[in-house]
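Note sheet for the following structure.
Atom set for the values below is all heavy atoms of this structure, side chains included, hydrogens, waters and symmetry mates excluded. We count ligands from 1, going down the list as the structure has it; atoms in each ligand are counted the same way.
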Amino acid sequence: MIAYLGRIVHDNDAESKLDDDVSSISKSLDLQGSIENGDVSSLASKDFGGLYSVKPLFLIKPSGAEDISRVVKLASRTSNLTVAARGNGHSINGQAMAEGGLVIDMCSTEKNHFEFLPINGSHYIDVSGGALWEDVLTRCVSRYGYAPRSWTDYLSLTVGGTLSNAGVSGQAFRYGPQTSNVTELEVVTGKGEITVCSETLNSELFFGVLGGLGQFGIITRARIKLQQAPDMVRWIRVVYSEFEEFTRDAEFLVTQKEGESFDYVEGFVFCNNDDPFNGWPSVPLDPGHEFNPTHISQTAGSVLYCLEVAFHYRNSDHPTVDTAVNGLLGRLRFVEGLKSQVDVSYTKFLLRVNRAEEQVKANGTWDGPHPWLNLFVSKSDVVNFDRTVFKTTLKDGVGGPMLIYPLLRSKWDDRTSVVLPEGEIFYIVALLRFVPNGPSVEKSVAQNREIVNWCIKVGLDFKLYLPHYQSKEDWERHFGNRWSRFVERKASFDLMAILAPGQNIFRRDPPNIIISREF
Ligand code: FAD
């Protein structure tokens, strides 16, 4: 079987027989799920970034962990095959792809697990690694009235995909990223072993996989902490013309005790002009609200700042909401007159970017290329970053949101594989480019490179989030003093470098000889 698979990889004449090959491989693997040819037009050769396209050998739609284990074991018996778990393919730089390898469509495992677990007075949900967060939300809230505590802004992402990175949104200042909100995982390692792990059981695998960029195992099940879901959310945006005042208020809010602040804190930079995508019109939360630029001082610069906050409440709390929210807003120094607010249900709030997706799809810009760049920048360097990058390089915008908001290092677990800047407060910066509304792809890619190179050159305390590097030296620099731990974890759980080749960190050498061993 393995010798046979090797022939397919290397013999071009064999291409025409791929359909037969698919069915015999499927039979030999005894999959509960299905297997398809890797085609350049198949979903496995594309991602949201739209910058890279590579042809896999096969796309596998497993029914669960057993199937995934068989696929990884099969790959381990060849000398060249790699395996990429594909969540929902929302990576930017081909991270979920495998050139000439086996791509596993995790979404086909989505329905395998969904179990609500009350344990010792706390509540958890067990879900498949391929579950979409939007389904976790709607099922948890509608059936049980509970919900995960930490989210991403957009929910058509998979549980395994975000846990392999971190999973960050406006709740992370309080509860940490999504990687701080799981207590148990089931993982298929690079050896094909199905292993349950937690803080106390196989802990090196547990912490390695969290933020591990898919390098140590494929997450097939995750146990996620829940909290009681609120009924409603008051969602508010206020505007600042000075970066120092914006950061002062954002940092004030994220360092208050629970119950003494908002439940969600984010922010973004926008252009001080009437551009429909990059400027003032991007601020109002409701089409009925107007952005009145006469409130902005004449001395304001090329960009302005919007603080976005949300306050959770139950319907029965309604009479006290105004007092609580106004009390908090009263402590902030935003530009008077530049406030937009709406009350929406909790699920509607969390699905806000999914709704925006529908609108953007309607105007055709969702499916184009997205040369996005995400960074974590230390508080100590964020003023410099604003001056050089936002006020100068990006003063005309990126054709989409330019997010910036503070996070607290103490809410992240140092034992995971995620790397962060030094210092307690750091900012996430996300340049969410939609090319038709901003610079061209070439210019966007060049700007991203310029920004990263500048950060390195001036010695900024920063890390890429959802990192993408080409060379071993860059990865070593990225991980810094955590590189040796990352390499040791790779040696323990995926010595043959089978998993997640699209991250371009470790390479399974191309084969000359295929091991001839029966599967
Ligand atoms: P994929 O892109 O398919 O995979 C990502 C990586 O994880 C690949 O290396 C893949 O091999 C690996 N992988 C996938 N599934 C598994 C698994 N089960 N086990 C092990 N490895 C696996 N991120 C945030 O943190 N916050 C946000 O608010 C946010 N908003 C976003 C909004 C949009 C519109 C988009 C496109 C992305 C956003 N992201 C955000 C980024 C998102 O977290 C990443 O794209 C992430 O990779 C999840 O996407 P995915 O599930 O499609 O995974």
Measure from the ring center of Trp412 to the ring center of Phe376 and say whether it is less than 6.0 Å.
yes
Pair Arg482 + Asp414, salt bridge at N-O below 4.0 Å
yes
Is the backbone of Leu253 close enough, under 3.5 Å, to the side chain of Ser261 for a donor and an acceptor to pair up by distance?
yes
Does an N or O anywhere in Ala85 fall below 3.5 Å from an N or O of ligand 1?
yes
Contact check: Thr162 vs ligand 1, nitrogen or oxygen atoms, below 3.5 angstrom:
no
With the threshold set at under 4.0 angstrom, would you say Gly217 reaches ligand 1 through any of its heavy atoms?
yes
Atoms of ligand 1 less than 4.0 Å from Gln95 heavy atoms?
8 (C), 9 (O), 11 (O)
Listed by chain and number, what are the side-chain contact (heavy atoms from CB on, under 4.5 Å) partners of Glu251, not counting sequence neighbours?
Thr247, Lys379, Pro406, Ile425, Tyr427
Can a non-hydrogen atom of Tyr465 be found less than 4.0 Å from any atom of ligand 1?
yes
Can you tell me which portion of His370 lies within the under-4.0 Å heavy-atom range of ligand 1? Options are side chain, backbone, both, or neither.
neither
Is there a donor-acceptor contact under 3.5 Å from the side chain of Trp372 to the main chain of Arg433?
yes
Pair Trp235 and Phe262, ring centroids less than 6.0 Å apart
no
If the cut-off is 4.0 Å to any non-hydrogen atom of Gly167, which atoms of ligand 1 fall inside it?
25 (O)
Ligand 1 atoms nearer than 4.0 angstrom to some heavy atom of Gly214 are 21 (N)
Tell me the contacting part of Leu432 for ligand 1: side chain, backbone, both, or neither, using a 4.0 Å heavy-atom threshold, strictly below.
neither
Among protein heavy atoms, which lies nearest atom 50 (P) of ligand 1, and at what distance?
Asn88 N, 3.5 Å
Please work out, at 4.0 Å between heavy atoms, whether the side chain, the backbone, both, or neither of His90 comes within that distance of ligand 1.
both
Side chain, backbone, both or neither: Trp366 near ligand 1, heavy atoms under 4.0 Å:
side chain
Partners passing salt bridge (Lys or Arg N to Asp or Glu O under 4.0 Å) against Lys472 (at least two apart in sequence or in another chain):
Glu476
If you scan protein heavy atoms around atom 44 (C) of ligand 1, the nearest is Leu466 CD2, 4.0 Å
How far apart are the closest heavy atoms of Arg508 and Ile498, and which atoms are they?
NH1-CG1, 3.8 Å
Report the part of Ser164 in contact with ligand 1, treating N, CA, C, O as backbone and CB onward as side chain, heavy atoms under 4.0 Å; options are side chain, backbone, both, neither.
side chain
Applying a strict 4.0 Å limit to heavy atoms, is Trp133 in contact with ligand 1?
no
For atom 39 (N) of ligand 1, the option (of Asn374, Leu157, Ile104, Thr152) bearing the nearest heavy atom:
Leu157
Looking at Arg409 and Pro421, would you say the former's side chain and the latter's main chain have a donor-acceptor pair under 3.5 Å?
yes
Nearest-neighbour protein heavy atom for atom 35 (C) of ligand 1, which is reported as residue plus atom name and distance
Trp372 CZ3, 3.6 Å
Which option, Leu155, Val209, Asn504, Asn165, owns the non-hydrogen atom nearest atom 46 (C) of ligand 1?
Asn165
Lys/Arg cation over aromatic Phe486: Arg489, 6.0 Å, 45° cone
no
So for Gly89, does at least one of its heavy atoms come nearer than 4.0 angstrom to any atom of ligand 1?
yes
Under 6.0 Å from the six-membered ring centre of Tyr469 and within 45° of its axis: does the NZ or CZ of Arg477 meet both?
yes
Could you check whether Tyr305 and Phe390 have their ring centres less than 6.0 Å apart?
no
Residue Arg86 vicinity, atoms of ligand 1 by number, heavy atom under 4.0 Å
3 (O)
Should Val168 be counted as touching ligand 1, given the test is an N or O pair under 3.5 Å?
yes
Suppose we measure from atom 28 (O) of ligand 1 to each protein heavy atom; which comes out shortest, and what is that distance?
Asp153 N, 2.7 Å
Only heavy atoms of Met106, strictly under 4.0 Å: list the atoms of ligand 1 that pass.
18 (N)
For Gly87, is at least one N or O under 3.5 Å away from an N or O on ligand 1?
yes
Check for me whether the distance between the ring centres of Phe434 and Phe277 falls short of 6.0 Å.
no
Is a donor on one side and an acceptor on the other found under 3.5 Å between the side chain of Ser169 and the backbone of Gln171?
no
Below 4.0 Å from any atom of ligand 1, is there a heavy atom belonging to Ala166?
no
